[in-house]
Trainee: 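Questions regarding the structure given below will be posed in turn.
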Amino acid sequence: MAILVERDNIGLFGKMNSGKSSVMNLLTQQETSIVDKTPGTTADTKVALIEFHGIGPIKLFDTAGLDESDVLGEKKRKKVFNNLKECDLVIVIIDPETEDFTTEQEIITEARDLDKQLLIIYNLFSKKGKDCVAKVEQKIPLVRFYKTIEISANDQTFRDSLISFVIENFQSKNSQIELLPFLVKNEYYILIIPMDEETPPGRYLRPQAMVEEYITRHWAYPISFRLDLGKARSKNPAIHEEEYARYLSFVNNFKHPPKAMVTDSQAMDIMSQWCPKEVLLTTFSIVMINYISKGKLQSFVEGVKALSNLKEGDRVLIAEACNHSRIGEDIGTVQIPNYINEKFPGVVIEHNFGREFENNEDLKKYKLIIHCGGCMISAQKLAARLRDLDSLSVPYTNYGVFLSFIQGTDSLQKVLEPWGLKEVLNT
Ligand code: SF4
């Protein structure tokens, strides 16, 4: 049976005569589009089916100029915006020597609203074009959130650098990532699930359900242990010991040790002590953020290093990607702020709840973003968030990484070991 591979849709957008068709020809290396100086040469969207080594099968759209104002132009505009909705990658082609960038601004704003991946090509028609790039970036401030390249689209020698630019900066929707890449068939995996006041009755939380399903699907064995965090943390030795003995009697039931434990991040103060040395340990939050970010866990680990430089008056943003009900010792509003207040006195903590950052322009004021597992947003939405943070050089980390780090470097190294990232902290 033939396997249907979904193509990535890549669209070329811009004003009339910005050089979209030349870029199309450069990418496809053939006369796919008609190129001449008459405005509006691309009367309708042209489509080419190509294959890029490093991305896979692609449907490439060469769209009509968005700045045509006659009746036919209005129809074209609708068509172009429909194309944009379909695209996985929006490429905006800008001739920096022009003066009015309303069209480009409109395309970028629409693409941002739809969380599209976006790249910018400055098409230089003369030497003067290079000097005009700074002017474009002043007139379209949103450009700073995106990667740019300067080429002369009529010059074939730019082909390789253009293709490399696209491959390096585009995440294909066909790229797959394993939820637990360290999983081994026929091994046991312990899920440490405290079930606090926020746990809804009748179901597991999404990360817990996904991990359990993944382990079962891959012919291994998930087993849950409900940890009583109150007892485990009790200052009364008898109560603490009672919970520890219950845990030990559970773990000692196994003829050979489980392969790994996946714990609720908030139990890291306990599990960093209780998990046996020979058993791998990680957290649900780390599993999720690696999965939803399509393997960007290392960036969240790099980000946690910013904690070491925090000083009084610095701002930290705690970001949760949904608006779940927050009761009792909520992790984002109570537990993490308590740790920060204790370890970094004087640091100002702010919150952002929901699918959007309240104001992306303001993100630069934060010294660190601490992000939840992101289980309720799409990979596309998270990628858009991380792209903005990367472009502003604002470090970000994740609940699981933070709560492990707070227990000491050894604890963080322990939860990173399954991901092959143990050494990242030392670099
Ligand atoms: S989106 Fe974030 S805050 Fe909401 S349930 Fe998932 S991990 Fe928790």
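Atoms within a ligand are numbered from 1 in the order they appear, just like the ligands themselves.
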Trainee: Looking at atom 6 (Fe) of ligand 1, is there an N, O or S atom belonging to Cys375 that lies under 2.8 Å away from it?
Mentor: yes
Trainee: Of all the atoms in ligand 1, which lie at a distance below 4.0 Å from a heavy atom belonging to Cys372?
Mentor: 1 (S), 2 (Fe), 3 (S), 7 (S)
Trainee: Would you be so kind as to tabulate the donor-acceptor pairs closer than 3.5 Å made by side chains of residues 201-212, with sequence neighbours excluded?
Mentor:
unit_1: Tyr204; atom_1: OH; unit_2: Ser224; atom_2: OG; d: 2.9
unit_1: Arg206; atom_1: NH1; unit_2: Cys375; atom_2: O; d: 2.4
unit_1: Gln208; atom_1: OE1; unit_2: Leu205; atom_2: N; d: 2.9

Trainee: Sequence neighbours excluded, which residues qualify as side-chain contact (heavy atoms from CB on, under 4.5 Å) partners of Tyr122?
Mentor: Ile94, Pro96, Ile120, Leu124, Val133, Val136, Glu137, Val143, Thr148, Glu150
Trainee: Among Phe254, Tyr247, Trp274, whose ring pair (Phe, Tyr, Trp, His ring centres under 6.0 Å) with Phe225 holds?
Mentor: Tyr247
Trainee: Using heavy-atom distances only, which candidate in Cys322, Gly400, Gly374 approaches atom 4 (Fe) of ligand 1 most closely?
Mentor: Cys322
Trainee: Is atom CD of Glu312 surrounded by more than 12 heavy atoms (other residues, nucleotides or ligands) closer than 6.0 Å?
Mentor: no
